[in-house]
Number of protein chains: 2
Amino acid sequence: MAALKYSRQRESIKEFLQNRYDHPTADTIYDSIRTIYPNISLGTVYRNLSLLANIGEINKISTGDGPDRFDGNVAPHYHFICRSCHSVIDLDMEDIGYIKDVASKNFNGKIDGHITNFYGICEECIKNL
Amino acid sequence: MAALKYSRQRESIKEFLQNRYDHPTADTIYDSIRTIYPNISLGTVYRNLSLLANIGEINKISTGDGPDRFDGNVAPHYHFICRSCHSVIDLDMEDIGYIKDVASKNFNGKIDGHITNFYGICEECIKNL
DNA sequence: TTCGTTGCAAATGTTTTGCACCTGA
DNA sequence: TCAGGTGCAAAACATTTGCAACGAA
């Protein structure tokens, strides 16, 4: 495993994500970081997002529609994805981690995790109907 | 809404999916259908997959890694995705649809569905470790 | 005849990668 | 010094789309 070296770009991306709660896309992150480091490249953003996700310092969220999103909050929680405006919202709900045991009952492989996303229409979009 | 017209390509895709249990990708479907209709184009496969998914005759599965997969079984069920070989396997488990109510408790939008995928190592890959 | 469907190819959107240069340890 | 990181541009990958021709109703 390669030794990790400090990089201001990576730090900046991590810090940016830890202060946002709207699960931005790589492109949004790129645009924002560019106001601080105008020469940063999109490739660097993707490389660092992927690196940070691999070492567990951020989470990658696949919405199933459109680009991936990133989350600086690595504490276990669930997301709601609006079918109308595609915003991704953190849910304040009790843990359902036990569904992994439900799923393991008749299965011979090893289940070590799960991803659950909830879908529907967010409060804002309901108002604008 | 446009009236739906018969097409042998679409029928063929639907029938193919209803006889497969391994959740193929668009490309795999394309290759297989091509043995019957050599002139079918990948665009047509995508168009029909997307159409069939929209009218609920098949399901689209986003694995969060690699291309989307498609499922001819539209009865509610859950999937296991192997982190090693990326195969997608149907789980025989009790319904957990009620987690939608758990999620709705402190949420002001309207939740109408959820997608849960389980991750881990499949039986085959455990053997080959 | 009408209008949905197709094949083809080009375009799109997202993400990854090769490479020469730069930088932190 | 030197391995990891960066910027840039090109490539890869999955999917969508414009268009003229085709085919079902």
Side-chain angles (χ1 to χ4, degrees), chain A residues 1-17 23-55 57-71 81 85-88, chain B residues 1-17 23-55 57-71 81 86-88 117:
Chain A
M1 181 82 77
L4 210 46
K5 208 176 276 188
Y6 172 89
S7 110
R8 59 180 111 200
Q9 290 91 336
R10 189 189 304 133
E11 280 312 300
S12 159
I13 290 169
K14 197 165 94 180
E15 197 195 317
F16 175 74
L17 275 178
H23 318 86
T25 63
D27 209 64
T28 302
I29 296 165
Y30 171 58
D31 281 342
S32 301
I33 304 291
R34 227 171 7 156
T35 65
I36 310 169
Y37 301 109
N39 294 321
I40 197 173
S41 78
L42 189 52
T44 295
V45 171
Y46 271 105
R47 267 187 293 242
N48 280 309
L49 286 172
S50 152
L51 190 161
L52 290 167
N54 283 338
I55 63 178
E57 303 212 0
I58 64 171
N59 271 334
K60 177 157 116 167
I61 309 169
S62 295
T63 62
D65 178 72
D68 288 342
R69 290 161 167 277
F70 297 88
D71 193 342
I81 299 165
C85 68
H86 302 103
S87 63
V88 176
Chain B
M1 179 82 81
L4 209 47
K5 211 175 273 190
Y6 173 87
S7 111
R8 60 180 112 201
Q9 291 90 335
R10 188 187 306 133
E11 280 311 300
S12 160
I13 290 169
K14 198 165 95 180
E15 196 195 318
F16 175 75
L17 275 177
H23 317 87
T25 63
D27 210 63
T28 303
I29 296 165
Y30 171 58
D31 282 343
S32 301
I33 304 290
R34 231 179 354 164
T35 64
I36 309 169
Y37 300 108
N39 294 321
I40 196 172
S41 78
L42 190 52
T44 295
V45 171
Y46 272 105
R47 266 188 293 240
N48 279 308
L49 286 172
S50 156
L51 189 162
L52 290 167
N54 283 338
I55 61 177
E57 304 213 359
I58 65 171
N59 271 142
K60 176 157 116 170
I61 309 168
S62 296
T63 63
D65 178 72
D68 289 341
R69 290 161 168 275
F70 296 88
D71 194 341
I81 298 164
H86 303 102
S87 63
V88 177
N117 289 325

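Below, chain A is the first sequence line, B the second, and so on; all start at residue 1. Just so you know, these numbers come straight off a predicted model, no measurement behind them.
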Practice task
Nearest whole angstrom, please: distance from the P of D:dT16 to the CG of B:Asn48.
Solution key: 12 Å
Exercise for the section: Nearest-nucleotide wise, let me know which of A:Thr25 and B:Leu42 is further upstream toward the 5' end of DNA chain C. Expected result: B:Leu42
Practice task
State whether B:Gln9 places a side-chain N or O below 4.0 Å from either non-bridging phosphate oxygen (OP1 or OP2) of D:dG23.
Solution key: no
Problem - Among C:dT5, D:dG7, D:dG5, the one nearest A:Ile40 by side-chain distance - result: D:dG7
Practice task
Report the distance from atom OH of B:Tyr30 to atom C1' of D:dA14, rounded to the nearest whole Å.
Solution key: 14 Å
Practice task
Of all the heavy-atom pairs spanning B:Gly66 and B:Thr63, show the shortest one and how long it is.
Solution key: O-OG1, 4.2 Å
Handout entry: Candidate pair B:Asp68 and B:Leu49, rule side chain to side chain contact (heavy atoms under 4.5 Å, CB included), full reasoning
Key = CA-CA 11 Å; B:Asp68 289 341; B:Leu49 286 172; over 6 Å; no
Handout entry: B:Thr25 versus B:Phe70, closest heavy-atom pair with distance
Key = C-CD1, 4.5 Å
Fill in the blank from the handout: A:Asp27 atom CG is separated from C:dT15 atom C1', nearest whole Å, by 11 Å
Exercise for the section: Measure the distance from CD1 on B:Ile13 to C1' on C:dT5 and round it to the nearest whole Å. Expected result: 12 Å
Exercise for the section: Would you mind reading off the distance between A:His86 atom NE2 and C:dT14 atom P, rounded to a whole angstrom? Expected result: 12 Å
Exercise for the section: Could you state the atom-to-atom distance from CG of B:Asp65 to C1' of D:dC13 in whole Å? Expected result: 13 Å
Problem - Nearest-neighbour nucleotide for the A:Lys5 side chain, D:dG4, C:dT5, D:dT15 considered - result: D:dG4
Problem - N or O in side chain of A:Arg8 less than 4.0 angstrom from D:dG5 OP1/OP2 - result: no
Practice task
Please determine if a side-chain N or O atom of A:Ser41 lies less than 4.0 Å away from the OP1 or OP2 oxygen of D:dA9.
Solution key: no
Problem - Cationic tip of A:Arg10 above A:Tyr6 ring, under 6.0 Å, 45° of axis - result: no
Exercise for the section: Specify the residue among A:Thr44 and B:Gly43 whose closest nucleotide of DNA chain D lies further upstream toward the 5′ end. Expected result: A:Thr44
Practice task
Give the rounded distance in Å between these two atoms: OH of B:Tyr46 and P of D:dT16.
Solution key: 7 Å
Problem - Phosphate-side-chain proximity, A:Ser7 and D:dT6, N/O vs OP1/OP2 below 4.0 Å - result: yes
Practice task
Starting at atom OH of B:Tyr6, determine the distance to atom P of C:dG4, rounded to an integer number of angstrom.
Solution key: 19 Å
Handout entry: Residue closer to the 5' end of DNA chain D, B:Ser50 versus A:Val45 (nearest nucleotide)
Key = A:Val45
Handout entry: Separation between CD1 of B:Ile55 and CG of B:Leu4, rounded to the nearest 0.5 Å
Key = 5.5 Å
Practice task
For B:Arg47, report the nucleic acid contact type (base, sugar-phosphate, nothing); a contact means any heavy atom under 4.0 Å.
Solution key: base
